[in-house]
Engineer: 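Next up is a structure, given as structure tokens.
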Amino acid sequence: MSQEPSLKRTHYCGDLRLSDAGTTAQLNGWVRRRRDHGGVIFVDLRDRTGITQVVFDPQIDEKAHALADAVRSEFVLHVSGTVRERAPGELLFTADAAFQAELSNGTPLSSEFRALFSDLDTKYTLSGDIHVDVRENDKRWLLTDVENNRTYDITREADSLSVYQGTVNPELATGEIEVAVDSLNILNTAKTPPFPVEDDIEVAEDIRMRYRFVDLRRPEMQKTLEMRHKAALAARNYMNEQGFLEIETPILMNSTPEGARDVLVPSRHYPGRFYALPQSPQQFKQILMMSGVDRYFQIARCFRDEDTRADRQLEFTQLDIEMSFAGVDDVLEVTEGLMKRIFEDAGEIPVQTPFLRLPYYESMARFGNDKPDTRFGMELTDLSDVMADCDFQVFTRALSTGGQVKGIAVPGGADFSRKDIDDLTEFVATYRAKGLAWVKVMEDEFSSGIVKFFKTEQLEIAQKRMGAKSGDIMFFVADRPKVVADALGNLRLHLGRKLNMIDETQYNFLWIVDYPLFEWNEEANRYEPFHHLFTGATEETLPLLDTDPGKVQSQHYDLVCNGYEICSGSVRIHQWDIQQKIFDILNIKPEDVKNRFGYFIDALEYGTPPHAGIAPGLDRIVMLMRNEENIREVIAFPKSQQGLCPLTHAPSNVTEEQLEELSIRVDIDI
RNA sequence: GGGCUCGUGGCGCAGUUGGUUUAGCGCGCCUGCCUGUCACGCAGGAGGUCGCGGGUUCAAGUCCCGUCGGGCCCGCCA
């Protein structure tokens, strides 16, 4: 038999502790760093659990030490050796035995004792953050200067204390031990990595993506991968406990032109026809309810061929949920339990249930959007009534054409410079606001070029309503309601971040409810579904379908956390006649209904139970728990903003033969 | 479809109104020395078609045009 190197390990690199000292251990891992001191070589060996310092000492094993000479960063090693306590370094000084009491009783060290350290060398000056461990009662102590990341080994001799330089690394969980290697196998060599495999690196994202296999070795990325796994596991366990069945639905389905663009897959058997990848398993999960499954869930990959953003990918993952004989409260309750379980189990983030519920219109009015970040104030205030008879034409013109005047008060904003305000004006222009009016609130006056257009009383009412104090600035936007909401809502967020008004440790869960069922599309001159075609209406507003569809309230709900929409769902329509009415209002022709949803309509008529569902977005949940602002940080192999895979370079060209089989002719030069 | 922004050794950056700069700096890398480091230290060294193409100029990393790639945003995302 050939002599294969042993791959067996007894521990992971994050496992060993002082209590393991004296035992033997075998580790596998990557070389984080090699420190060659001529006589002795230290290697930090890393795997996904942590780092252990392994030592190559020629006096322990000459062969291993010689081999270690060639070891470089990211080499893959198997080592075996003895776990040992890190021995004290050089003797720094001896001190009076009287100081022993200070080490044992946990009180802060006396200035006399501290002075001994500084007297020796200012580099040993102790910080205020000192931690003492008793290694042996009345005999040995380990003193850790946490702030300076330095340790001291203190031993009681006959009548004095000997203070040695410590070799413990307080930053490593395994920092009290090391493995003295007696056998080294270099399992593989490695090219010098393009960037160091450690946290807090400053490397362009495209470089990290190109070398994702190196990037993912970094501890924080491993932590993200593990947290994502735990979140999915927590979800599975919870849904199982709640009686839900996990059922897979097709990845190849038919295209539904409503909503986002579909990712299409050509069919070989049916030239000219295409499968679509699911934007969500919406129709299948409803059919599962019709099929008597009662409670379904799936960790489902979804695809939407739209341009991406920092929190949007071409493909993403939803915890897709549907339940029969359920209404709004049932779904919200299950979802609250699910969120609690995920955030607590995977993220160690405590969650209070039930969550607050905020009507859609109120959210729009107070925050300018339906995914408010409620971790800070600075809410929008409507001033349309107050400003109706001012002399500022920008306001009056907007108001007379059905617009609004709203404002926010920014704490401390009276200090903003002309340039600051210009930048903010440019910022709101992105959202089509034509300007940003401002008034600074001073000790006993209002300051601004536009003050002269207002009665003092008008500005006073504005100030009072917004809660602006002396030293604040009031910003106003006058325009169509949509523009006012977009501009001020985003300005609020922008300034909230810029002025550090957000408590990053807080998680504000909030249901947005009472959405309208339809939205009027000005350009197309017709109603469009606010959510999707199968969203049900509230019983009270259902009669309005015939008279005033714009006023019908849906049974749609969104769960929002810290400004991110993390779940979206609704009670579905389960009666054919109501579904029919929706198609009519939306002007979808019967033949289109038949072509696109025929199977679904059929099923509706064969005994569909009332049902409702929701779909939490796993990626965004993990983003929140990891405090990441980019979705690519929580996906192992994400695509670039243009939809390219930085590793495999998908999408790729295919051969003429492949195209021919699919009866596809590509009409561009490749 | 549109706006903004970035692209200089492996990585992160500097490079002034175009010119004394042989395109610098830090990290990393290589060689040698070093038995207690953990951002080891010391000495020496290698490594760049300044994204690509074209133009202006006596002269371009620097100015202009185009193009490719990354990012953020608007539109879009039922």
Side-chain angles (χ1 to χ4, degrees), chain A residues 32-45 51-60 65 69 72-74 86-90 149-151 153 164-172 174-175 178 180 191-198 200-211 214 256-262 279-280 282 302-314 316 426-433 486-487 490 494 515 517-519 521 527-535 554 556 565 568 570 582 586 588 629-630 632 639-642 644 646 649:
Chain A
R32 166 67 282 268
R33 199 165 281 172
R34 168 178 165 279
R35 292 178 295 279
D36 184 351
H37 284 252
V40 63
I41 297 173
F42 299 101
V43 165
D44 291 338
L45 200 63
I51 285 180
T52 297
Q53 172 167 285
V54 300
V55 189
F56 298 90
D57 188 331
Q59 288 176 357
I60 291 170
H65 178 263
D69 190 56
R72 292 294 180 273
S73 288
E74 300 309 309
R86 294 196 183 185
E90 84 179 275
N149 198 26
R150 218 183 267 284
T151 55
D153 227 291
Y164 298 87
Q165 202 172 348
T167 54
V168 167
N169 184 345
E171 289 197 321
L172 289 183
T174 61
E178 61 193 7
K191 283 178 155 179
T192 302
F195 49 84
V197 180
E198 59 194 30
D200 302 317
I201 52 170
E202 278 180 28
V203 180
E205 203 194 340
D206 55 325
I207 307 275
R208 289 175 49 207
M209 291 301 171
R210 202 147 63 224
Y211 299 92
V214 174
T256 50
E258 293 287 329
R261 284 188 197 90
D262 285 317
Q279 296 182 23
S280 89
Q282 183 63 34
C302 304
F303 305 83
R304 290 180 193 172
D305 191 7
E306 296 295 343
D307 288 358
T308 62
R309 289 287 185 278
D311 63 347
R312 271 159 38 186
Q313 274 277 299
L314 189 66
F316 58 100
E426 207 173 300
F427 176 83
V428 296
T430 344
Y431 304 96
R432 294 172 310 283
D486 277 350
N490 284 294
H494 178 73
Y515 281 84
L517 189 60
F518 302 110
E519 196 173 26
N521 183 322
Y527 283 111
E528 285 179 351
F530 200 91
H531 183 42
H532 63 54
L533 291 167
F534 314 109
T535 306
S554 78
H556 171 171
E565 179 200 306
S568 189
S570 62
I582 302 288
L586 296 173
I588 302 176
E629 284 180 358
N630 198 301
R632 291 185 297 272
K639 296 197 171 38
S640 79
Q641 191 166 46
Q642 315 301 327
L644 287 173
H649 302 113

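Sequence lines set the chain letters: A, B, ... in the order given, protein chains first and strands last, and positions in each chain run from 1.
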Engineer: Of the nucleotides C77(B), G1(B), C40(B), which one has an atom closest to the side chain of Asp307(A)?
Structural biologist: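 So the nucleotide nearest the side chain must be G1(B).
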Engineer: If you compare all heavy atoms of Arg86(A) against all heavy atoms of Leu172(A), which two are closest, and at what distance to 0.1 Å?
Structural biologist: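 Residues Arg86(A) and Leu172(A), closest heavy atoms: NH2-CD1, 4.3 Å.
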Engineer: Provide the distance between the two P atoms, one in G9(B) and one in G48(B), to the nearest whole Å.
Structural biologist: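 Here G9(B) and G48(B) have their P atoms 10 Å from each other.
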Engineer: Would one find a side-chain N or O of Asn169(A) under 4.0 angstrom from OP1 or OP2 of G36(B)?
Structural biologist: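 No, Asn169(A) has no side-chain N/O under 4.0 Å of OP1/OP2 on G36(B).
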Engineer: For Leu644(A), which contact category applies under a 4.0 Å heavy-atom criterion: base, sugar-phosphate, or nothing?
Structural biologist: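 Sugar-phosphate: the residue Leu644(A), judged by heavy atoms under 4.0 Å, touches backbone atoms but no base.
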Engineer: Among C38(B), C73(B), A39(B), which nucleotide sits nearest the side chain of Gln53(A)?
Structural biologist: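 The nucleotide sitting nearest to the side chain is C38(B).
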Engineer: Please state how far atom CG in Asp44(A) lies from atom P in A39(B), giving the value in whole angstrom units.
Structural biologist: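 Distance, rounded to whole Å: 9 Å.
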Engineer: Do Arg86(A) and C38(B) share a donor-acceptor pair, side chain to base, under 3.5 Å?
Structural biologist: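 Side chain to base: pair found, below 3.5 Å.
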Engineer: Are any of the side-chain heavy atoms of His65(A) and Ile41(A) separated by less than 4.5 Å?
Structural biologist: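 In short, these two side chains touch, coming nearer than 4.5 Å.
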Engineer: Out of C74(B), G12(B), C38(B), which nucleotide sits closest to the side chain of Ala204(A)?
Structural biologist: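 Nearest to the side chain of Ala204(A) among the choices is G12(B).
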Engineer: In whole Å, what separates the C1' atom of A59(B) from that of U67(B)?
Structural biologist: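 Looking at atom C1' only, A59(B) and U67(B) are 25 Å apart.
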Engineer: With P as the reference atom in both, quote the distance from G53(B) to G69(B) in angstrom, rounded to an integer.
Structural biologist: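 Going atom to atom, P in each nucleotide, I get 16 Å.
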Engineer: Is the backbone of Ile51(A) close enough, under 3.5 Å, to the side chain of Thr174(A) for a donor and an acceptor to pair up by distance?
Structural biologist: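 Answer holds: yes.
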Engineer: Do any N or O atoms from the side chain of Gln279(A) and from the backbone of Ala260(A) form a donor-acceptor pair under 3.5 angstrom?
Structural biologist: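 Side chain of Gln279(A) to backbone of Ala260(A), a donor-acceptor pair under 3.5 Å: yes, one is there.
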Engineer: In whole angstrom, give me the gap between the C1' atoms of G71(B) and C25(B).
Structural biologist: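 Between the two C1' atoms, the distance is 26 Å.
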Engineer: In whole Å, I'd like the distance from the CD atom of Glu202(A) to the C1' atom of G12(B).
Structural biologist: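 That distance rounds to 7 Å.
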Engineer: Scan every strand shown for a Watson-Crick or G-U wobble partner of U67(B), both distances under 3.5 Å, and answer none if you come up empty.
Structural biologist: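 Across all strands, the one nucleotide that pairs with U67(B) is G51(B).
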Engineer: With a 4.0 Å cutoff (strictly under), does any side-chain N or O of Thr430(A) reach OP1 or OP2 of C73(B)?
Structural biologist: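 Answer is no, no contact under 4.0 Å.
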Engineer: Tell me what Asp153(A) touches on the nucleic acid: a base, only sugar-phosphate, or nothing, going by heavy atoms under 4.0 Å.
Structural biologist: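 No contact.
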Engineer: Considering only G36(B), G69(B), G75(B), which nucleotide approaches the side chain of Phe42(A) most closely?
Structural biologist: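 Of G36(B), G69(B), G75(B), G36(B) is nearest to the side chain of Phe42(A).
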Engineer: With rounding to the closest Å, how many angstrom separate the P atoms on U37(B) and G47(B)?
Structural biologist: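 Here U37(B) and G47(B) have their P atoms 35 Å from each other.
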Engineer: Quick check for you: among C74(B), G28(B), G71(B), whose closest atom lies nearest to any side-chain atom of Glu205(A)?
Structural biologist: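 Shortest atom-to-atom distance from the side chain points to G71(B).
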Engineer: Roughly, in whole Å, what's the span from CG in Asp486(A) to P in C73(B)?
Structural biologist: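 From Asp486(A) CG to C73(B) P: 14 Å.
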Engineer: Checking all strands, does Thr167(A) fall into the base, sugar-phosphate, or nothing category for heavy-atom contacts under 4.0 angstrom?
Structural biologist: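 Here Thr167(A) touches the bases of the nucleic acid.
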Engineer: Students often get this wrong, so: under 4.0 angstrom with heavy atoms, is Arg150(A) touching a base, only sugar-phosphate, or nothing?
Structural biologist: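 The residue Arg150(A) makes no contact with any strand.
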Engineer: Pick the nucleotide of RNA chain B nearest each of Glu171(A) and Pro58(A); which residue has the one closer to the 5' end?
Structural biologist: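 Its nearest nucleotide lies further toward 5', so the answer is Pro58(A).
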Engineer: What is the distance, to the nearest angstrom, from the CZ atom on Arg34(A) to the P atom on U31(B)?
Structural biologist: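 For the pair Arg34(A) CZ and U31(B) P, the rounded distance is 9 Å.
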Engineer: Gln165(A) near the nucleic acid: base, sugar-phosphate alone, or nothing, with a heavy-atom cut-off under 4.0 Å?
Structural biologist: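 The residue Gln165(A) makes sugar-phosphate contact but no base contact.
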Engineer: Starting from P on C40(B), measure out to CD on Glu90(A) and report it in whole angstrom.
Structural biologist: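 Whole-Å distance recorded here is 20 Å.
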Engineer: What's the gap between C72(B) and C30(B) when it is taken at their C1' atoms, as a whole Å value?
Structural biologist: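 To the nearest whole Å, 39 Å.
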Engineer: Nearest-Å distance, CD1 (Ile207(A)) to C1' (G10(B))?
Structural biologist: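 From Ile207(A) CD1 to G10(B) C1': 9 Å.
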Engineer: Does Gln313(A) reach the main-chain N or O of Lys639(A) with its side chain, forming a donor-acceptor pair under 3.5 Å?
Structural biologist: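 Answer holds: yes.
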Engineer: Measuring only the P atom in each nucleotide, how far is U17(B) from G26(B)? A whole number of Å is fine.
Structural biologist: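 My reading of the P atoms in U17(B) and G26(B) gives 25 Å.
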Engineer: G69(B) P sits how many Å from Lys639(A) NZ, rounded?
Structural biologist: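 Taking NZ of Lys639(A) and P of G69(B), I get 17 Å after rounding.
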Engineer: For His37(A) and U37(B), is the gap between ring centres under 5.5 Å while the planes differ by less than 30°?
Structural biologist: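 Here His37(A) fails the 5.5 Å or the 30° condition.
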Engineer: Hey, is the side chain of Arg309(A) pairing donor to acceptor with the base of G75(B) inside 3.5 Å?
Structural biologist: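 Indeed there is one.
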Engineer: Applying a 4.0 Å non-hydrogen cut-off, can you work out what Glu178(A) is touching in the nucleic acid: base, sugar-phosphate, or nothing?
Structural biologist: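 Counting heavy atoms under 4.0 Å across all strands, the contact made by Glu178(A) includes a base.
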Engineer: Where the side chain of Ala310(A) is defined as all heavy atoms beyond and including C-beta, which of C72(B), C77(B), U37(B) is the nearest nucleotide?
Structural biologist: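 Taking heavy atoms from C-beta onward, the closest nucleotide is C72(B).
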Engineer: Can you find an N or O donor on one side and an acceptor on the other, under 3.5 Å apart, linking the side chain of Asp206(A) with the base of G71(B)?
Structural biologist: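 Under the 3.5 Å cut-off, the side chain and the base do not form any donor-acceptor pair.
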Engineer: Using a cut-off of less than 4.0 Å, is there contact between a side-chain N or O of Arg35(A) and OP1 or OP2 of C40(B)?
Structural biologist: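 True: Arg35(A) side-chain N/O within range (under 4.0 Å) of C40(B) OP1/OP2.
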Engineer: Please work out if Gln59(A) contacts a base, only the sugar-phosphate, or nothing of the nucleic acid, heavy-atom cut-off 4.0 Å.
Structural biologist: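 It contacts base atoms.
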Engineer: Would you classify Asp36(A) as touching base, sugar-phosphate or nothing, given that sugar-phosphate means primed atoms plus P, OP1 and OP2, and contacts are heavy atoms under 4.0 Å?
Structural biologist: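 Base, at least one base atom sits under 4.0 Å.
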Engineer: Per the atom types in the model, does the base of G69(B) pair as donor or acceptor with the side chain of Gln641(A) at under 3.5 Å?
Structural biologist: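 In this structure, the two groups form no donor-acceptor pair.
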Engineer: How close or far is atom C1' of C74(B) from atom CZ of Phe427(A), stated in whole angstroms?
Structural biologist: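 That distance rounds to 11 Å.
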Engineer: I want to verify a distance call: between G75(B), C40(B), C11(B), whose nearest atom is closest to the Val203(A) side chain?
Structural biologist: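 The listed nucleotide nearest to Val203(A)'s side chain is C11(B).
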Engineer: Verify the contact: side-chain N or O of Arg208(A) to OP1 or OP2 of C11(B), cut-off strictly under 4.0 Å; return yes or no.
Structural biologist: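 For Arg208(A), the contact criterion (side-chain N or O under 4.0 Å from OP1 or OP2 of C11(B)) is not met.
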Engineer: I'd like to know if the side chain of Arg34(A) reaches the main chain of Asp69(A), judged simply by a donor and an acceptor atom lying under 3.5 Å from each other, with no hydrogens or angles considered.
Structural biologist: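 Yes; judged by distance alone, with no hydrogens or angles, the pair exists.
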Engineer: If we take the C1' atom in both U35(B) and C29(B), what is their distance in whole Å?
Structural biologist: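 That atom pair is separated by 25 Å.
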Engineer: Answer yes when Arg312(A) and Glu306(A) have at least one side-chain N-carboxylate O distance shorter than 4.0 Å, and no when they do not.
Structural biologist: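 A salt bridge is absent here (no side-chain N lies under 4.0 Å from a carboxylate O).
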Engineer: Reckon Val43(A) touches a base, only the sugar-phosphate, or nothing at all at heavy-atom distances under 4.0 Å?
Structural biologist: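 The answer is nothing, as Val43(A) stays clear of every strand by at least 4.0 Å.
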Engineer: Return yes if some donor-acceptor pair links the side-chain N/O of Thr167(A) with the main-chain N/O of Ala87(A) below 3.5 Å, else return no.
Structural biologist: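 Between the backbone of Ala87(A) and the side chain of Thr167(A) there is a qualifying donor-acceptor contact (under 3.5 Å).
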Engineer: Work out which heavy atom in Ala180(A) is nearest to a heavy atom in Ile60(A); give both atom names and the distance.
Structural biologist: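 Reported closest heavy-atom pair: CB-CD1, 3.5 Å.
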Engineer: If you go through the side-chain atoms of Arg304(A), does one of them form a donor-acceptor pair with the base of C77(B) closer than 3.5 Å?
Structural biologist: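 No, the side chain and the base share no sub-3.5 Å donor-acceptor pair.
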Engineer: Can you tell which of C38(B), C76(B), U35(B) lies closest to the side chain of Arg261(A)?
Structural biologist: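 Between C38(B), C76(B), U35(B), the one nearest the side chain of Arg261(A) would be C76(B).
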Engineer: Per the atom types in the model, does the base of C30(B) pair as donor or acceptor with the side chain of Arg72(A) at under 3.5 Å?
Structural biologist: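 Result: no qualifying N/O pair found.
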